[in-house]
Amino acid sequence: MGALALVAAGVVFGLGALGAGIGNGLIVGRAIEGISRQPELRGTLQTTMFLGIGFVEALPVVSLVLAFLFMGNA
């Protein structure tokens, strides 16, 4: 297995995890801000927040698959 493939796999998965962490932080922060401004919309905002987090968490899964593909082609 080439060293370059391992570096590429690490970069892909690292950036995918970093992007998901930033995305989750933004989503949760904005949801808390929205709940504090309009408490009556708490249920709607929480539902939307959890859906958004689910979509954002797909990014590390895709990056993990790409990392495995890079490692397999080395």
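Since we're looking at a predicted model, the values are computed, not measured.
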>> Applying side-chain contact (heavy atoms from CB on, under 4.5 Å) to Glu57 and Asn24, what does each step give before you reach the verdict?
In response: CA-CA 8 Å; Glu57 285 298 320; Asn24 282 338; 2.5 Å; yes

>> Which Ile, Leu, Val, Met, Phe, Trp or Tyr residues join Leu41 in one cluster when any pair of side-chain heavy atoms under 4.5 Å counts as a link?
In response: Ile35, Leu45

Answer with yes or no whether the hydrophobic clustering places [X] together with [Y]; edges join I, L, V, M, F, W, Y residues whose side-chain heavy atoms lie under 4.5 Å apart.
| X | Y | value |
| --- | --- | --- |
| Val65 | Val12 | yes |
| Phe70 | Val11 | no |
| Leu59 | Leu18 | no |

> Which heavy atom of Phe13 sits nearest a heavy atom of Ala67, and at what distance?
Replying inline: CB-CB, 4.3 Å

>> On a heavy-atom basis, which atom in Ser63 and which in Gly16 lie closest, and how many Å separate them?
In response: OG-CA, 3.8 Å

>> Within this structure, what is the CG-CG distance for the pair Leu64 and Leu69, rounded to the nearest 0.5 Å?
In response: 10.0 Å

> How far does CD1 of Ile32 sit from CZ of Arg42, to the nearest 0.5 angstrom?
Replying inline: 10.5 Å

> So which of Thr48, Val56, Ile22, Leu51 actually passes side-chain contact (heavy atoms from CB on, under 4.5 Å) with Ile27?
Replying inline: Val56

